[in-house]
Amino acid sequence: MEKQGNIRIASENMMPIIKKWLYSEKDIFLREIVANAQDAITKHKKLADLGETAAEENYRVTVTTDAKAGTLTVEDNGIGMTEEEVEKYITQIAFSGAADFVDKYEKAGGDGIIGHFGLGFYSAYMVSENIEIFTCSYREGATGVHWASDGNSTYTIGDCDKTTRGTKIVMHIAKEEKEFLKADKIRELLRKYCSFMPYEIYLNPTGKDDKPVNTTHPLYLKQPKECTEEEYKTFYRETFSDFNEPLFWIHLNMEYPFRLKGILYFPKVKKQVELERGKVKLYCNQVYIADNIKEVIPEFLMLLNGVIDCPDIPLNVSRSFLQNDKQVQKIAKHITKKVADKLIELYNHDRARYETCWPDLANFIKFGCLKDEDFYKKVEGIIIYKNLAGEYRPVSSFYGEEVSEEDAKNGKEPQAVYYVSDENKQAQYIKMFRDAGLDAIYCDTYIDPHFLSYLEYKNPTRVRFLRIDADVAGALKEDSEEDAQLKTLFEKTLEGKRVTVRTEKLKDANVPAVVNVSEFARRMSEMHAFYGMGESPADIILVVNVANAAVDALKSAPEDAQTKAAMQIYYLALMNYRPLSPEELSDFVATNTFLLENYLKK
């Protein structure tokens, strides 16, 4: 006999279950329905373990698309429901079937029960115009129950001829949602949301060589010692569709103070100059929640690829968002600590491999330090840079002794550490440093300017970073030697240009002049450019080398040749700092031609 009733919704739960607003993405309904089916199987298995019902050897969830009938069906052979249970768990949405079950069978434990049956069920109305439930309880003598509703306030419930244990949900897909009747679309969603659910899921089975669409025992659930290197690589390829082998990985496996399992992979960097976002998939009891949830996965760890499964994550009613509570913060800190520990272990026990991986790790570690001070404190000793000899050294090894407050008042500055940002453009400066026996470090990724500023901030009394062209004269000068005649000549020649002239005696007599640009001025200019304010031209310093023979010969040259040669020396120095503008290049060619003609006439 069929009867009618009204769906009762507790007022505090009304808004979250309005069918059009329940989830941010419609396709998540399939995860909810399939997860409920998995719950039903888990409940039956626990009862069987307690001896309250016969065990089942072939638990499964079957998903069927029927475009002709306009239906999408999800069926399980789990615990099933009586009419009373359907009324309670489906029509009284305020109750939680999972919570009620766990309370009743507390001695069996609640592990593996995914969530709120009633509420997840209503997500199907985002794509359905009508839903039917056919269910039969595991209880002896139970009869089939049929429930149907169009998602409004009324439903019908009565008997049906279903005699096998389990539940079948038939969704009559709305006309505007016909994409959810396509097998390919459903397969894509099952792989996205249900890849690691604990019981096999079949899509449109034919009975011949059917294969489940999910993996019921994913690698991250195993003990690390049970996993082989090839298994880790295979899991990575299949999960992230990345056929570049990962550098290495971290297998997370803990039970206290919270349960957490997973694998984080360090991928190879495709473009050295960019920070590429990875994908860390978050699961709860093998049910996909979302990618890259910042409350659980610190922002800098999202550069990695990985899978994390944490049953203790507190989810809100839709399972799609996390409550930012202390438990979540502890989980995030633990994950960060495990990553830092792995990096330190690699540095200490396999330094050669660490250095080989460093070009791929550098941006990740530097970004992590900028974003998380605790991470910086853990890894500051393993931040390495390559010097001019091609050797990797901890950046801290370049620092000087701490400058006391009294010494700072007397003008003493922290140790200057020179760096190269572009090996090709700064080749002349590098040669001069090498010839003089001086050292510098290579900082050639776009995050380095920010990171060097951060290191200065963290070590203000021990280090200051100067680009190799910022004060090359200060580093290489043999003696301060003022030459008023040369200074006046170059100042007159360069009148109107934003150039300050200095004369120094440099160690390398082969170099007629070098360009210096204040580190502070250049950083300000680059910062303006970074924020779209336009790169302001920085004033440059032309350091004329009085030890150079050509410079010395200028003093006795004819006046017109003096001016042309001084300009040529300026352009040669400028070319080692930056490309010449079209106007400068044209003038350089004309000046060069003039000097050649006059030289060849002699």
Side-chain angles (χ1 to χ4, degrees), residues 420-433 444 449 466-474 476 483 485-504 506 508-530 532-555 557-601:
V420 175
S421 61
D422 189 313
E423 189 172 1
N424 293 324
K425 289 182 179 178
Q426 292 150 19
Q428 179 64 37
Y429 297 89
I430 294 170
K431 181 181 182 302
M432 292 169 65
F433 262 58
D444 52 6
L466 300 174
R467 202 167 79 176
I468 200 168
D469 53 14
D471 188 25
V472 68
L476 296 172
D483 190 312
Q485 182 185 354
L486 283 172
K487 193 170 189 296
T488 300
L489 169 61
F490 276 90
E491 285 178 339
K492 184 177 179 182
T493 301
L494 301 173
E495 189 174 357
K497 299 183 184 295
R498 298 176 61 173
V499 180
T500 300
V501 178
R502 278 181 19 212
T503 58
E504 305 277 7
L506 303 182
D508 189 345
N510 294 317
V511 179
V514 291
V515 165
N516 282 180
V517 174
S518 157
E519 180 76 10
F520 174 78
R522 184 183 49 73
R523 287 193 194 185
M524 289 298 295
S525 176
E526 289 173 352
M527 185 177 72
H528 286 168
F530 182 79
M533 300 163 64
E535 187 168 356
S536 55
D539 292 337
I540 67 172
I541 301 167
L542 180 69
V543 181
V544 180
N545 184 9
V546 299
N548 179 259
V551 170
D552 187 58
L554 271 179
K555 295 189 231 182
E559 186 175 345
D560 59 342
Q562 276 186 331
T563 303
K564 293 292 185 181
M567 183 61 76
Q568 195 74 346
I569 288 172
Y570 164 68
Y571 281 141
L572 289 171
L574 194 61
M575 288 169 68
N576 283 316
Y577 173 71
R578 63 162 174 81
L580 299 182
S581 69
E583 294 78 12
E584 290 169 337
L585 186 60
S586 177
D587 189 33
F588 171 75
V589 172
T591 303
N592 199 45
T593 303
F594 171 85
L595 292 172
L596 282 171
E597 287 174 352
N598 282 270
Y599 177 79
L600 294 172
K601 285 178 182 177

> Which is it for Phe588 and Leu572 under the side-chain contact (heavy atoms from CB on, under 4.5 Å) test, yes or no, and what are the steps along the way?
Replying inline: CA-CA 9 Å; Phe588 171 75; Leu572 289 171; 4.2 Å; yes
> So does Arg578 pair up with Glu584, basic N to acidic O under 4.0 Å?
Replying inline: yes
>> Distance alone, cut at 3.5 Å: any donor-acceptor contact between the side chains of Glu504 and Asn545?
In response: no
>> Show the nearest heavy-atom pair for residues Met567 and Thr493, with the distance to one decimal.
In response: CE-O, 3.7 Å
> Measuring from Ile468:CD1 to Met432:CE, what's the distance to the nearest 0.5 Å?
Replying inline: 9.0 Å
>> Assess the residue pair Val544 and Tyr570 against the criterion (side-chain contact (heavy atoms from CB on, under 4.5 Å)); give the C-alpha distance rounded to whole Å, side-chain angles, the decisive distance to 0.1 Å, and a yes or no.
In response: CA-CA 9 Å; Val544 180; Tyr570 164 68; over 6 Å; no
>> If the condition is side chain to side chain donor-acceptor pair (under 3.5 Å), which residues does Asp552 pass it with, not counting sequence neighbours?
In response: none
>> If the threshold is 4.0 Å, N to carboxylate O, is there a salt bridge linking Asp483 and Lys555?
In response: yes
>> So does Leu466 get a backbone contact from the side chain of Glu519, meaning a donor-acceptor N/O pair under 3.5 Å?
In response: no
> At their closest point, which heavy atom of Val515 faces which heavy atom of Tyr429, and how far apart are they?
Replying inline: O-OH, 2.8 Å
> For the atom pair CG (Asp469) and CG (Asn516), what is the distance rounded to the nearest 0.5 Å?
Replying inline: 7.5 Å
>> I'd like to check the side chain to side chain donor-acceptor pair (under 3.5 Å) partners of Lys492; sequence neighbours left out, ordered by chain and number.
In response: none
>> Suppose the criterion is salt bridge (Lys or Arg N to Asp or Glu O under 4.0 Å): which pairs have a residue in residues 564-577, not counting sequence neighbours?
In response: none
>> Please evaluate residues Glu495 and Lys497 with respect to the criterion salt bridge (charged side-chain N to carboxylate O under 4.0 Å, His left out), reporting the C-alpha separation (whole Å), side-chain torsions for both, the decisive distance (0.1 Å), and the verdict.
In response: CA-CA 6 Å; Glu495 189 174 357; Lys497 299 183 184 295; over 6 Å; no
>> As an exercise, state the distance from CG of Leu554 to CG of Leu486, rounded to the nearest 0.5 Å.
In response: 6.5 Å
